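Residue numbers run from 1 in the order of the sequence given. None of these values were measured; they are calculated from a predicted model.
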Amino acid sequence: MAEVQIRHYQEEDHEEVKEVFTLGMSEHIPPSCMHVLKQPLVQMFLGCVFCALLTSSKSILLPVLAITLLLAAGRQSVNYIFTKYIQVCLEKDLNHIQQTYLDPPLACFWVAESQGRVVGTVACLPAETDQNFLELKRMAVKRTHRGQGIAKALCRTVADFAFERGFRGVLLYTSVVQTDAQKLYEHMGYQKLREFSVPEAIAKLTNFTLIEYRLVLKQHHN
Ligand SMILES: CC(C)(COP(=O)(O)OP(=O)(O)OC[C@H]1O[C@@H](n2cnc3c(N)ncnc32)[C@H](O)[C@@H]1OP(=O)(O)O)[C@@H](O)C(=O)NCCC(=O)NCCS
């Protein structure tokens, strides 16, 4: 991890932070589409549409066209859901990083900087569901800088911060399609606590689950 420095966020990092986060999230669109296509319910639906149109029209063209349109509509829907999620994150905290993460004493936002550019981000704040835990958020590393241990260093930074402030541990949420992130957290000693569906009907239908991970710190000051 040569010449990469982990430091606190500064106001001039804002645009680069947004870019690293947005690109990191957008890359989950293709795997999410694949995840949806692998669901038996979706495959059954597409199969039924295909067979029904083939039988009624006696032509291969109409069912092929219909399936193509359905796949394109599905891709657009996944795209829309991710764009919406990114927008919500920007409005919720990424457009107010100073107020959300740097003003409160028990929260923080760090960037990984390489050659004057932001190449990674991570943040934390007290977890809403358990006041003994900090929640790790906004973990992302630029594609060009992956596999160099930057995310591991960002994870350690959050764990040290939690330890110094007497938290029992760190928790976080990731999704079923974020397999690199799952490997990272498991590598860093996080334990999978539970896997659950988000309330939206579309997420339930497509089995798009979230995973909660927890890292219990060896010693704590409570
Ligand atoms: C997940 C992510 C942050 C990892 O960043 P990174 O800097 O490449 O990770 P590191 O180099 O520190 O790797 C840490 C460990 O994670 C695991 N890992 C990370 N990427 C992996 C991959 N593509 N394949 C297998 N294991 C991987 C490995 O165990 C690795 O340790 P090792 O190299 O000693 O085996 C990065 O892929 C990313 O930004 N993804 C998009 C955004 C995202 O999903 N964020 C998580 C939000 S919850």
Side-chain angles (χ1 to χ4, degrees), residues 15-95 118-122 129 135-147 151 172-187 190 192-213:
E15 287 309 311
E16 284 185 290
V17 163
K18 282 201 293 188
E19 189 192 325
V20 172
F21 174 76
T22 306
L23 290 177
M25 284 301 113
S26 306
E27 73 185 55
H28 298 304
I29 296 172
S32 298
C33 292
M34 283 312 293
H35 174 81
V36 172
L37 276 178
K38 281 185 196 154
Q39 298 311 306
L41 210 66
V42 173
Q43 291 176 356
M44 211 163 71
F45 171 70
L46 292 175
C48 288
V49 170
F50 189 87
C51 292
L53 289 175
L54 188 65
T55 338
S56 59
S57 70
K58 305 259 183 312
S59 143
I60 189 85
L61 200 66
L62 188 67
V64 167
L65 194 69
I67 295 298
T68 310
L69 283 176
L70 281 173
L71 291 177
R75 174 73 161 79
Q76 279 308 105
S77 311
V78 173
N79 209 22
Y80 173 80
I81 291 167
F82 271 86
T83 309
K84 195 90 193 134
Y85 174 71
I86 292 168
Q87 231 171 33
V88 168
C89 294
L90 290 175
E91 280 161 21
K92 200 171 154 204
D93 57 271
L94 287 174
N95 281 336
V118 171
V119 297
T121 62
V122 76
T129 50
E135 182 173 346
L136 180 152
K137 293 171 85 76
R138 312 305 177 221
M139 168 69 80
V141 172
K142 252 186 172 174
R143 255 182 186 283
T144 47
H145 288 73
R146 301 247 172 106
L172 61 89
Y173 300 92
T174 190
S175 75
V176 67
V177 298
Q178 287 168 288
T179 48
D180 289 354
Q182 290 168 33
K183 286 178 201 145
L184 160 74
Y185 300 133
E186 281 163 22
H187 184 101
Y190 281 76
K192 196 188 265 194
L193 191 76
R194 63 190 177 115
E195 190 163 344
F196 59 101
S197 286
V198 275
E200 281 78 13
I202 183 78
K204 284 209 161 68
L205 276 173
T206 56
N207 202 21
F208 191 93
T209 49
L210 294 185
I211 304 166
E212 178 177 347
Y213 278 99

Run the side-chain contact (heavy atoms from CB on, under 4.5 Å) test on Y190 and T174 for me, step by step, so that the C-alpha distance in whole Å, both residues' side-chain angles and the decisive distance to 0.1 Å come before the verdict. CA-CA 12 Å; Y190 281 76; T174 190; over 6 Å; no
When you look at V36 and F208, which way does the side-chain contact (heavy atoms from CB on, under 4.5 Å) test go after all the steps? CA-CA 8 Å; V36 172; F208 191 93; 5.9 Å; no
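To the nearest 0.5 angstrom, Y185 atom OH is 7.5 Å from Q178 atom CD. Taken to the nearest 0.5 Å, the CD1 atom of I67 stands 7.0 Å off from the CZ atom of F50. Rounding to the nearest 0.5 Å places CG of L53 at 11.0 Å from CG of L61. A distance of 9.5 Å separates CG of L23 from CZ of R143, quoted to the nearest 0.5 Å. In this structure, CD1 on I81 lies 12.0 Å from CD1 on I86, to the nearest 0.5 angstrom. Distance check: Q182 CD to Y213 OH gives 4.5 Å after rounding to the nearest 0.5 Å.
With sequence neighbours excluded, the residues forming a side-chain contact (heavy atoms from CB on, under 4.5 Å) with C33 are I29, R75, V78, listed by chain and number. Residues meeting the salt bridge (charged side-chain N to carboxylate O under 4.0 Å, His left out) test with E186, sequence neighbours left out: none.
Every pair passing side-chain hydrogen bond (donor to acceptor under 3.5 Å, both in side chains) that includes a residue from residues 76-94 is listed here, sequence neighbours excluded: D93-Y101, D93-R138.
When side chains are defined from C-beta on, L71 counts as touching L46, because their heavy atoms get closer than 4.5 Å. Proximity of L54 to I60: side-chain heavy atoms (C-beta onward) are separated by under 4.5 Å at one or more points. Within the 4.5 Å cutoff, no side-chain heavy atoms of F196 are placed close to those of I211. Looking at M139 and L184, their side chains come closer than 4.5 Å, going by heavy atoms from C-beta outward.
Checked by atom type and distance alone, the side chain of Q43 pairs as donor or acceptor with a backbone atom of L37 at under 3.5 Å. The main-chain N or O of N207 is found under 3.5 Å from a side-chain atom of H35 such that the two form a donor-acceptor pair.
Using bins of under 30°, 30° to 60° and over 60° for the plane-to-plane angle, the ring pair H28/F82 lands in the tilted bin.
Counting non-hydrogen atoms of other residues, nucleotides and ligands closer than 6.0 Å to CG of L69 gives a total above 12.
Between F21 and the choices K18, M25, E19, the side chain to side chain contact (heavy atoms under 4.5 Å, CB included) rule is met once, by M25.
When every heavy atom of S197 is checked against every heavy atom of T209, the shortest pair comes out as OG-CG2, 4.0 Å. Taking each heavy atom of V177 and S32 in turn, the nearest pair found is CG2-OG, 3.6 Å. Nearest heavy atoms, V118 versus V17: CG1-CG2, 4.3 Å.
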